[in-house]
2 protein chains.
Amino acid sequence: MSEAGNGRREVTVTDVARAAKVSKATAARALGDYGAVSEAVRDRVLAAAEELGYRPNALARSMTTGRSNTIGMVVGDIENPFFAQATRGASDVAKAAGFDVVLSNSDEELESENAAIAVLLAKRVDGFIVAPASSVDTTGLRAIQAAGRPLVLFDRAAEDLAIDTVLADNATGVRRLVELLLQAGHRRIAFISTIAHPHPYRLGDRLGSTSVDDRVNGFVASLTEAGIAEPARFIRLNARRDGVGAAVRDVVADGATAIVASDSLIAQAAFRTVRELGLGIPSDVSLVAFDDADWTSLSAPPVTVMAQPIHEIGAEAARMLVRRIAGDGAPAETVVLPQRLIERESIAPPPAEG
Amino acid sequence: MSEAGNGRREVTVTDVARAAKVSKATAARALGDYGAVSEAVRDRVLAAAEELGYRPNALARSMTTGRSNTIGMVVGDIENPFFAQATRGASDVAKAAGFDVVLSNSDEELESENAAIAVLLAKRVDGFIVAPASSVDTTGLRAIQAAGRPLVLFDRAAEDLAIDTVLADNATGVRRLVELLLQAGHRRIAFISTIAHPHPYRLGDRLGSTSVDDRVNGFVASLTEAGIAEPARFIRLNARRDGVGAAVRDVVADGATAIVASDSLIAQAAFRTVRELGLGIPSDVSLVAFDDADWTSLSAPPVTVMAQPIHEIGAEAARMLVRRIAGDGAPAETVVLPQRLIERESIAPPPAEG
DNA sequence: TACGCGATTGAGACCGGTCTCAACAAGTCC
DNA sequence: GGACTTGTTGAGACCGGTCTCAATCGCGTA
C-alpha cells in the first residue's frame, strides 16, 4: 500500500535528477549510458534511479532517436508451422541484435497485410520482414519503401521491385520430387496448392506467389520434358483449407496416381483424404510434399518430402534486415537457400491399370 | 527521384497544418479524429495530408495518451504448436480490439522472461499475456504489477499472486487418461515431462509449473487410489528436448507398460523412441498424451490424447486482458477451460508378463 | 601567472503528437 | 439589445526522453 499507489505517475529522468541533485541532462546521460559522466555522479544517479524504481520510457527515447528497436513481421498465419519456424529464426537473430518483433497475421489477404503494414509504419518499426500475400499487387510493400524503411521479403519474391529477398530453391526442389515420381513410373501426377487463383490453372498462368509459381513452372517443365501430353491436367489451385479434400478426390477420380502437395498442411489433408477414400499410400496413390513437418516421419507410411531450411530462411531474412537498418546501402539482393530431399516411403509404382 | 528523397524528414501534423492553412491543433483534431472540426476544414486538412503523404506517428501519440495499443506476449517457444495456437488465438482477439502484439520467446528460462518483461515494460505495452516460466519465482510478474500494467497468465498459474489466469483443467484431464490406462490393465505407468526440476521427482514435490504440477498430482492420486504401491516410480521430469528418449528407454527398461506424455512434443519423441526400441504401440507400450497435435491422428497407430482448447485459451486470455486495459477493476479471476478426450488406438492391455 | 585543453555539467530546444483553455462567431432566448 | 449557448479555432503547455551548445572546472605547460 505504502509505495504502490497505482494511479501514480511514472518515475522520469527529471525525478531521478532531482533526487540525485544533478541536472536532467546529466541524469539522462548516466541512465542512458551515453555522453560523459563522472564515476561519482553516475553512481549517485543510478542509486537514485534504483531507489525510485525508475523505468526508462522507450517510447520517449524512440521519439528523439527515431529508432524503435522493433521490427515488424507479417506472415500468413503463425499457426502454420512454416511461419512459426521462420518467425522463430527471425526472432532469435533480431533479439540478438537488440530488436523486438511485432507479429501480424495476414491470412494471405492483401487487405490485412496492407492494414498491418500501415499500423507498423505508424509505430515506426525500424524495418519489416514480410511474406507478401501477393507477388503481384505490391502496394503495401511500396508503402514501406516510400516511407524509407528497410524491408526484407521471405518465401516469396515481389515482381518488379528491388527488395532483399530470401527464398528456397523451389524450382530445383519440385523437379527433384517429380523426377522421383516419374522414375517410379507415374504419368498422371497432380499438384495441389491452396493459393488463390481466379480460375482453374492454365498453362502460362502467373500465380500470386512466386514460390508456388516456381513450383508449378518446374512441375510443368518436368512433365513436359518427360513427354507427358497435358502437363497441367492435374494441377489444382485455389483449394482453400477445406477444399484440399475435394481437389484430391477430383484428381484421383480423374486417374491421377501421384500427388505433389505444395505444403505440409495440404499434404496432411491429402493424406487423410486418400485414406478416407479407402486407398493405400503408396500402393494406390503416391504422395510427396514440401516441408518436413513432424508428422511426415511418424505417419504410416512416412512421407517423402522436400525439406526447406525454414529456420534459416527466417534467420537470414533478419540478418539482412539488421544489416540494412545499420545502414548497408548495397543493392537489393536475393538469397536462394537449397532444399533437401528426404526420401521415405510414400512413393511406389502406380497400380497396374485396371 | 522528385518526391522520394530518402533521407527526408517525415511529414508531421505541423506540415499538414501549414499546407491546409489551419493551426496545428486543428489539423491534429482532423487527423486524429477527435475534438470538433467543421466539415470544410476537415476535408481541407485530410486533402493536404493525402497530398503530402502524411503518416501518423504512433509513438508520439502514445507519448501523450500513455497508450501504445500494443500488448506484450511472452511464451515458451513460438515453434511449439501449443504456443503458436495460443498466440494466434490471443492475437486475433487483440487485433479486433485494436492492439498489436509483440512476441517474445522465453525458452522457459526465467532470465529470458525477465529480460523480455523489462523491455516490454520500457516499451510501455498496455498489458501482458504471459505463460510464466516459473509458477514459483515470480519476480518478473511482480515487476509488471508494480508498474501497474494489466497482466493475464495462461497455461500456468502463479502461486501466491492475485493475477488473472486462464488454465485448462489438467487435474481432471490427467485422471481421465490414467483411468483409461488402468482400465486396460496397466499398473506400471510412466509420466514424462520436460519441466526443469533440481532432482528426480519425489512424492510431494512442488513443480515449477502449476499445469505440470496439476498433472503430476492427479497422476499420483489416480495411481494411489487404484492401490498402486509406488505411484511416483515411473515419473520422469527434467527430460530436456533430447532427453525424452533416454527417459523413455529408462522407464521401459524398468518395466513400464504405458506412458503419459505431458505434451505433444514429448509424445512425439516417445513415439519415436518406442519404435526405435523395436517395440510396438500399443502392443508393448501404450501411449497417451496431452494436446491433439496433428500428427497424433496420422501416426500408426493414431494416439489417444487429451485435447486442450488451445486457441480458446489464448483468446480468453486476450479478452480478459482487453477488459482490464479498459479499466475493469474486478478482483483477479481464474478461468479453467475443460479438456476433451479423443480416444484413438494407442492403448491396449499390457503384454502378458514374460 | 596566464593560457589551452579535455572532462563534466547544466540550460533549454526538440521530437510529433494530444490536450487544456481562452477567444471568437453565430445563434438562441427573454 | 444583452446574456447565454454551442461550435470552431488557435496558442501553447506537455509527455519523457536526447542532443546541442555554452559554462565551468582542474590541470599541465609556457
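So you know, we letter chains A, B, ... as the sequences are listed, proteins then strands, and number each from 1. What you see below is based on every heavy atom in this structure, not just the backbone, and it leaves out hydrogens, waters and symmetry mates. Here the structure is a predicted model, which is why all the values come from computation and not from measurement.
Taking atom CG of B/Leu59 as the reference point, atom P of C/dT18 lies 13 Å away to the nearest angstrom. Rounded to whole Å, atom P of D/dC15 lies 10 Å from atom CG of A/Asp15. The distance between atom NZ of B/Lys123 and atom C1' of D/dG17, rounded to the nearest whole Å, is 16 Å. Going from atom CG of B/Asp43 over to atom P of D/dT8 covers 13 Å, rounded to whole Å. One atom, CD of A/Glu10, and another, P of D/dG16, lie 8 Å apart when rounded to the nearest Å. Here C/dG16 presents its P atom at 6 Å from CE of A/Met63, a figure rounded to the nearest Å. At whole-Å resolution of the value, CG in A/Asn57 and P in C/dC15 are 18 Å apart. The separation between B/Arg67 atom CZ and D/dG16 atom C1' is 19 Å, rounded to whole Å.
One distance of note links CG of A/Leu120 with CG of A/Leu103; it measures 9.5 Å at 0.5 Å rounding. Rounding to the nearest 0.5 Å places CG of A/Leu31 at 12.5 Å from NZ of A/Lys24.
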Item to complete: For each nucleotide in nucleotides 5-14 of chain C, reading 5' to 3', give B when a protein heavy atom comes within less than 4.0 Å of its base, S when such contact involves only the sugar-phosphate, and - otherwise.
Response: ---SBBBBB-
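When the side-chain contact (heavy atoms from CB on, under 4.5 Å) test is applied to B/Thr12, the partners found at least two apart in sequence or on another chain are B/Arg9, B/Thr14, B/Asp15.
The side-chain contact (heavy atoms from CB on, under 4.5 Å) test with A/Arg124 is passed by exactly one of A/Arg67, A/Arg149, A/Met63: A/Arg149.
For C/dT20, neither phosphate oxygen OP1 nor OP2 lies less than 4.0 angstrom from any side-chain nitrogen or oxygen of B/Tyr34.
Using modelled atom types, one finds no donor on one side chain facing an acceptor on the other under 3.5 Å when comparing B/Lys123 with B/Ser68.
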Fill in: Derivation of the side chain to side chain donor-acceptor pair (under 3.5 Å) call for B/Arg142 and B/Thr138
CA-CA 6 Å; B/Arg142 281 165 201 283; B/Thr138 52; 3.3 Å; yes
